[in-house]
Amino acid sequence: MTHKHHLDEIDLKILDIISQNARIPFKDVAAECGISRAAVHQRVNRMIEMEVITGSGYNIDPKKVDYHTCTYIGIFLDKGELYHKVARELMSIREIVECHYTTGQYAIFAKVYARNNEHLKEILNDKIQRISGISSTETFISLEETFNRQVPIYKD
């Protein structure tokens with residue numbers, strides 16, 4: 001069962017608006033949705049409780065804080081059953097910003113930010129490849145992020 005069954009058209013409209021601009025004042029969301037600011041606040045709080053909306057904060061441009069190398073790393077495991085153990089250890093590496101258990105060639109696919117290629121080499125050799133259960137890795141350096149966006153909100 002998905003959370004969508006608990007969301008009405010106004011909830012979806014609110015999600016669409018705030019996913020495009022998280023800093024938009026609730027009074028502006030209310031005006032666009034034709035409801036009160038208090039109603040927007042209640043609905044957003046309910047969606048947070050339902051875990052439709054997760055997390056909060058600011059998006060930081062990695063390059064502005066000296067992380068110039070964005071990398072995706074495919075990780076091979078000795079055995080698939082080691083995933084949870086390895087994932088816990090990967091979580092302790094702060095430069096890994098995403099970690100996915102995947103189908104296909106790799107058991108794990110991770111997104112890593114490094115200051116430069118030397119820093120990336122340290123992350124790979126001294127941190128990731130030393131984790132017991134990882135048999136090998138394959139590294140893909142991103143040359144440019146063309147776009148990054150939230151999932152679209154469908155109102156059907």
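Numbers here are sequence positions counted from 1. Computed over heavy atoms, backbone and side chain alike; hydrogens, waters and symmetry mates excluded.
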For H119 and N116, the nearest pair of non-hydrogen atoms, with its separation, is N-OD1, 2.8 Å

Are F109 and V97 connected into the same hydrophobic cluster when the rule is that any two of I, L, V, M, F, W, Y join if their side-chain heavy atoms are below 4.5 Å apart?
no

For D126, what residues pass the salt bridge (charged side-chain N to carboxylate O under 4.0 Å, His left out) criterion, not counting sequence neighbours?
R130

Side-chain donor-acceptor contacts of residues 72-80 below 3.5 Å, not counting sequence neighbours, with atom names and distances?
none

Check side chain to side chain contact (heavy atoms under 4.5 Å, CB included) between N21 and all other residues, then give those that pass, not counting sequence neighbours.
R23, I24

D66: which residues meet the side-chain hydrogen bond (donor to acceptor under 3.5 Å, both in side chains) condition with it, sequence neighbours left out?
H68

Would you give the length of the straight line joining atom CD1 of I14 to atom CZ of F26, rounded to the nearest 0.5 angstrom?
8.0 Å

According to side chain to side chain contact (heavy atoms under 4.5 Å, CB included), who are the partners of V151, at least two apart in sequence or on a separate chain?
none

Quick one: are T71 and L124 in side-chain contact, heavy atoms under 4.5 Å?
no

Stepwise side-chain contact (heavy atoms from CB on, under 4.5 Å) test for I128 and I96:
CA-CA 10 Å; I128 295 174; I96 299 176; 4.1 Å; yes

For atom CG of D61, is the number of surrounding heavy atoms from other residues, nucleotides or ligands below 6.0 Å larger than 12?
yes

Working to the nearest 0.5 Å, report the span between NZ of K127 and OG of S92.
8.5 Å

According to side-chain hydrogen bond (donor to acceptor under 3.5 Å, both in side chains), who are the partners of Q150, at least two apart in sequence or on a separate chain?
none

Residue set satisfying side-chain hydrogen bond (donor to acceptor under 3.5 Å, both in side chains) with E98, at least two apart, ordered chain then number -> H100

Pairing residues for Y101 by the ring pair (Phe, Tyr, Trp, His ring centres under 6.0 Å) criterion, not counting sequence neighbours:
Y83

Which atom pairs, one a donor and one an acceptor, fall under 3.5 Å between side chains of residues 136-148 and the rest of the protein, sequence neighbours left out?
| from | atom 1 | to | atom 2 | distance (Å) |
| --- | --- | --- | --- | --- |
| T137 | OG1 | Q129 | NE2 | 2.8 |
| E138 | OE1 | Y106 | OH | 2.7 |

For residues H6 and V52, determine if any side-chain heavy atom of one lies less than 4.5 Å from a side-chain heavy atom of the other.
no

What heavy-atom pair brings V86 and S132 nearest, and what distance separates the two atoms?
CG2-O, 3.7 Å

side-chain contact (heavy atoms from CB on, under 4.5 Å) between K121 and N117, worked out
CA-CA 6 Å; K121 186 175 88 173; N117 287 349; over 6 Å; no

The reported gap from CD1 in I48 to OG in S56 (rounded to nearest 0.5 angstrom) is 7.5 Å

Please tabulate, for the side chains in residues 35-43, all donor-acceptor contacts under 3.5 angstrom to protein atoms that are two or more places apart in sequence or on a different chain.
| from | atom 1 | to | atom 2 | distance (Å) |
| --- | --- | --- | --- | --- |
| S36 | OG | A39 | N | 3.0 |
| H41 | NE2 | N45 | ND2 | 3.1 |
| R43 | NH1 | D8 | OD1 | 2.8 |
| R43 | NH1 | D8 | OD2 | 3.1 |
| R43 | NH1 | D11 | OD1 | 2.8 |
| R43 | NH2 | D8 | OD2 | 3.3 |

Atom SG in C99, atom CZ in R88: separation rounded to 0.5 Å?
12.0 Å

For K85, enumerate each residue passing the side-chain hydrogen bond (donor to acceptor under 3.5 Å, both in side chains) test, keeping only those at least two apart in sequence or located in another chain.
E89

Flag, side chain of T54 to backbone of E51, donor-acceptor distance under 3.5 Å
no

With sequence neighbours left out, the residues meeting ring pair (Phe, Tyr, Trp, His ring centres under 6.0 Å) with Y113 are none

Following the transitive rule for hydrophobic clusters with a side-chain heavy-atom cut-off under 4.5 Å over Ile, Leu, Val, Met, Phe, Trp and Tyr, establish whether I93 and Y67 coincide in one cluster.
no

How long is the gap from CD1 on I10 to CG on L15, to the nearest 0.5 Å?
12.5 Å

